[in-house]
Amino acid sequence: MKPIIMSICAAAAASAIGLGSASCGHERQNPFMQSYANEYGIPPFEEIQIEDYVPAFDAGIAEARASIDSIVANPEAPTFENTMLPMDCLSPTLERVMSVLASLTEAHSTPELQAVSEELYPRYTAFTDELMMNDALFERVKVLYNNIDTVNQPLDERRAIEQSYNDFVRSGALLSPEQKEELKKINNTLANLYLKFNKNLLNANNTFEIVVDNEADLAGIPANTVENAAAEAKARGKEGKWVFTLHAPSRLAVLQYADNRSLREQMWRGYTTNATQGENDNRPVIAEILKARAQKAKLLGFKDYAAYATADKMAKTPEAAEALLTQIFEPAKKKVAEEVAEMQAVANAEGNDFKIAPWDYYYYAEKVRQQKYALDESALRPYFAVDSVRKGIFAMAKRLYGVNFEEIDAPKYHKDVKTYKVTDNEGNHVAIFITDYFTRPEKRQGAWMEQLKASWVNADGSVERPIIYNVGNYAPPTADAPSLLSIDDVQTTFHEFGHGLHGMLSKARLKSQSGTNVDRDFVEFPSQFHEHWAFQPELLAEYAHHYKTGELIPDSLVNQINAASKHNMGFMTAELAGAALLDLAWGHYNPETDGPVDVEAFEAKVAEKLGMPAELTFRYRSPYFKHIFGDEGYASGYYTYLWAEVLDADAFELFKEKGAFDPESAAKMKTLLESGGSQDPMVLYETFRGHRPEPAAVIRQRGLN
């Protein structure tokens, strides 16, 4: 979670006080109130109690305010050292409590933790507003900004000053006192609405179920999915039956493999109407979010929220983002027509008299894939046990960047968590890396990377190294087999690990520029770039071994995987680009001028304008489009996945030319990753590649030409 420009780390550590409560005759120390005692600063999850969060948060806010007061009270003229550096480091206590709260709220939530989140996130938003609307603090930054061309400032310092000034302005620093109060109210409203949206979505995901009591209806579904469905039924008090859920391992297996068409339709309709029922209905929440965002954009001088959200990105305007998406969406539509024709031919040959519908797409796309490429994913999964794939990402990192991973015993918040010490080839400590891969009810959908601790360089030259984690939602092991990943799961693992490498390798001097603290439309570049190595034959030879026999994946299967890599790409591109265009369309929406929000009608209008093929829909329907309505991270910014793909496709063509593990190219990429946000991203890219990215590379990469 990176809601403000400055990392809240801090100069005022000496002001922290220990909080405790009487327990068994001795004072219990609040774990958040001091540096963690273990060697690498990993949070002592087993020691943290629910009652620790609020007092530590209170102490952290006081600590941060003391740091701010110290900065603005300094009688000396503003300098980078007396203004920007302490702003980069305000409160270690607040950072500790908020990083753990953000991590567990997403990955291991409980009703008690949700209640704490509902109390603290609005307060955190209020503090952010207080910080970013502090006139005295802004004046010091403004002096540095106005004098930036008269001082021979290092590039990272210059960039930090420019970004800080712009973020103050975007946060309301130039508004009148009355307007600032109005903006604070809007931000508080949004903070509460995001909490409500996420809570509704989590509850809706966990409430939905499809109960199957006839074993014949399971035909075609992989055995491990059936086993998990039986275990889920038992856990829900329905032993002897099978329960399928909206969690990806269950949902996608039904859509892709279930021979029972009505079961597929039931799953598709359940998914595409998710979070639209009863008390978990997110449509009213969306209407309120759109209203508040439009008010915020207007108050800050932008024509709409999409203009506000893109102004500080590489794209600069929503029109630029829409133009790129349209260039990709149009050839994707043509490819969808070809894909549907192939699927319809298969369905007709089977004697069916129906036209391909959205709930048939995954199923018949898989049949076409098997016919064209003889690729049976159920035959592939045994070579991609989760531990084997983890070995693969580590082998990639070692060969490209010279880093090594060693599992260590460390505090954890769940038994599925694994922790690794990361070192370079000389044995120097690089980072701590944590994985949490299996689905469970208390974890939100999807996969992601975040940090429990950033990296930075202290004033005395000493270095703080990061703690990075990856979270997934893969099917857990069964009694008879480990967790076996699909091709998509494997790619997701490499994707999130790419984010992880961006964080782990960072050598940026400033915390606010470390790792993934980069422009939003650049942040997906390293993650998507590293997906290319998932099925490189050289790397598969190191990690893709059958979990039972130890046999290396046969060359025939490797060839089939790579031959089929562009299969169904029309579908995947159209649903992704469509969702990104829907997101930008919502960014233009203003309920005051455009009328009451009707989510379904608006989606249908956008789909009609785009010419969305009838056989598919947006990747995410709005009520469960967490990227854009669960917070502001990707709001009017979901396009960044395809924007970043322009970079990753062009970048990988260098490795295709010189070799997947070419040392010179890898060294250049490592330098880019180490730089974090210390330089303009396009400058970093051009330094790495030698030219600006070529958009046509995306069309070639996806086989849409």
Side-chain angles (χ1 to χ4, degrees), residues 170 172 179 182-183 185-198 200-201 272-276 281-313 315-326 329 520-521 574-612 617-643:
R170 286 173 59 79
Q179 290 173 319
E182 184 181 354
L183 183 57
K185 291 179 182 178
I186 293 171
N187 287 338
N188 183 67
T189 296
L190 284 168
N192 283 294
L193 288 169
Y194 297 147
L195 284 168
K196 187 174 183 180
F197 183 95
N198 292 327
N200 287 350
L201 181 54
T272 55
T273 59
N274 193 22
T276 62
D281 189 349
N282 265 334
R283 290 171 296 181
V285 183
I286 290 171
E288 292 300 313
I289 289 173
L290 293 172
K291 178 181 177 182
R293 285 179 175 173
Q295 292 171 342
K296 180 174 181 175
K298 181 179 179 181
L299 190 61
L300 291 169
F302 292 89
K303 66 177 182 179
D304 55 36
Y305 188 82
Y308 164 78
T310 54
D312 65 339
K313 308 297 190 296
K316 302 304 181 189
T317 68
E319 290 77 18
E322 288 160 350
L324 172 74
L325 293 170
T326 301
F329 187 75
R520 174 60 72 184
D521 36 13
E575 65 160 10
L576 172 60
L581 287 161
L582 173 66
D583 168 38
L584 287 165
W586 279 128
H588 294 306
Y589 198 97
N590 185 345
E592 287 188 7
T593 56
D594 297 324
V597 178
D598 183 328
V599 172
E600 285 85 358
F602 186 78
E603 288 184 346
K605 181 179 178 181
V606 173
E608 182 180 8
K609 180 181 178 181
L610 296 177
M612 178 72 78
T617 184
F618 306 104
R619 174 169 288 188
Y620 301 104
R621 301 291 292 273
S622 301
Y624 53 91
F625 204 163
K626 179 180 169 63
H627 284 79
I628 68 169
F629 291 121
D631 58 37
E632 294 188 5
Y634 283 90
S636 291
Y638 194 65
Y639 75 90
T640 58
Y641 284 98
L642 282 167
W643 187 279

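- The distance from the NZ atom of Lys298 to the CD atom of Glu182 is 9.0 Å, given to the nearest 0.5 Å.
- With hydrogens and angles left out, the side-chain atoms of Tyr624 and Asn282 include no donor and acceptor closer than 3.5 Å.
- In this structure the side chain of Thr640 reaches within 4.5 angstrom of the side chain of Tyr634, judged on heavy atoms.
- Taking the centre of each ring, Tyr194 and Phe197 stay at or above the 6.0 Å mark.
- Leu193 pairs in a side chain to side chain contact (heavy atoms under 4.5 Å, CB included) with only one of the listed residues (Ile286, Ile289, Leu290), which is Ile289.
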Dump the intermediate steps for side chain to side chain contact (heavy atoms under 4.5 Å, CB included) on Leu190 and Arg293, then the final yes or no.
CA-CA 8 Å; Leu190 284 168; Arg293 285 179 175 173; 4.1 Å; yes
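- Under the 4.5 Å side-chain criterion, counting only non-hydrogen atoms from C-beta, Tyr305 is in contact with Glu632.
- Arg170 has its side chain out of reach of Leu300: every pair of non-hydrogen atoms, C-beta onward, lies at least 4.5 Å apart.
- Atom CG of residue Asn187 and atom CG of residue Asn192 lie 11.5 Å apart, to the nearest 0.5 angstrom.
- When side chains are defined from C-beta on, Glu288 does not count as touching Thr189, because their heavy atoms never get closer than 4.5 Å.
- The shortest heavy-atom contact between Gln179 and Leu299 is O-CD2, 3.6 Å.
- Looking at Asn590 and Asp304, their side chains never come closer than 4.5 Å, going by heavy atoms from C-beta outward.
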Between Met612 and Phe618, does the side chain to side chain contact (heavy atoms under 4.5 Å, CB included) criterion hold? Intermediate values first, please.
CA-CA 9 Å; Met612 178 72 78; Phe618 306 104; 3.5 Å; yes
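- Going from atom CZ of Arg621 over to atom OG1 of Thr272 covers 5.5 Å, rounded to the nearest 0.5 Å.
- Checking Val606, Thr617, Ile628, Leu610 one by one against Leu582, the side chain to side chain contact (heavy atoms under 4.5 Å, CB included) holds for a single residue, Val606.
- Here the CZ-CD distance, from Arg283 to Glu600, works out to 4.5 Å after rounding to the nearest 0.5 Å.
- Closest approach of Gly587 and Ser636 over heavy atoms only: CA-OG, 3.4 Å.
- Between Ala294 and Pro591, the shortest heavy-atom distance links the atoms CB-CD, 4.4 Å.
- With ring centers used as reference points, Tyr638 lies under 6.0 Å from Phe625.
- Nearest heavy-atom pair across Asn198 and Gly630 is ND2-O, 3.0 Å.
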Derivation of the side chain to side chain donor-acceptor pair (under 3.5 Å) call for Asp521 and Tyr639
CA-CA 8 Å; Asp521 36 13; Tyr639 75 90; 3.0 Å; yes
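- For the 3.5 Å distance criterion, the side chains of Glu603 and Ser622 qualify, holding a donor opposite an acceptor.
- Nearest approach of Arg520 to Gly633, heavy atoms of both residues: NE-O, 2.9 Å.
- Ring pair His627/Tyr620 is tilted by interplanar angle, where 30° to 60° counts as tilted.
- Contact between Pro318 and Thr310 at its shortest, heavy atoms only, is CD-OG1, 3.0 Å.
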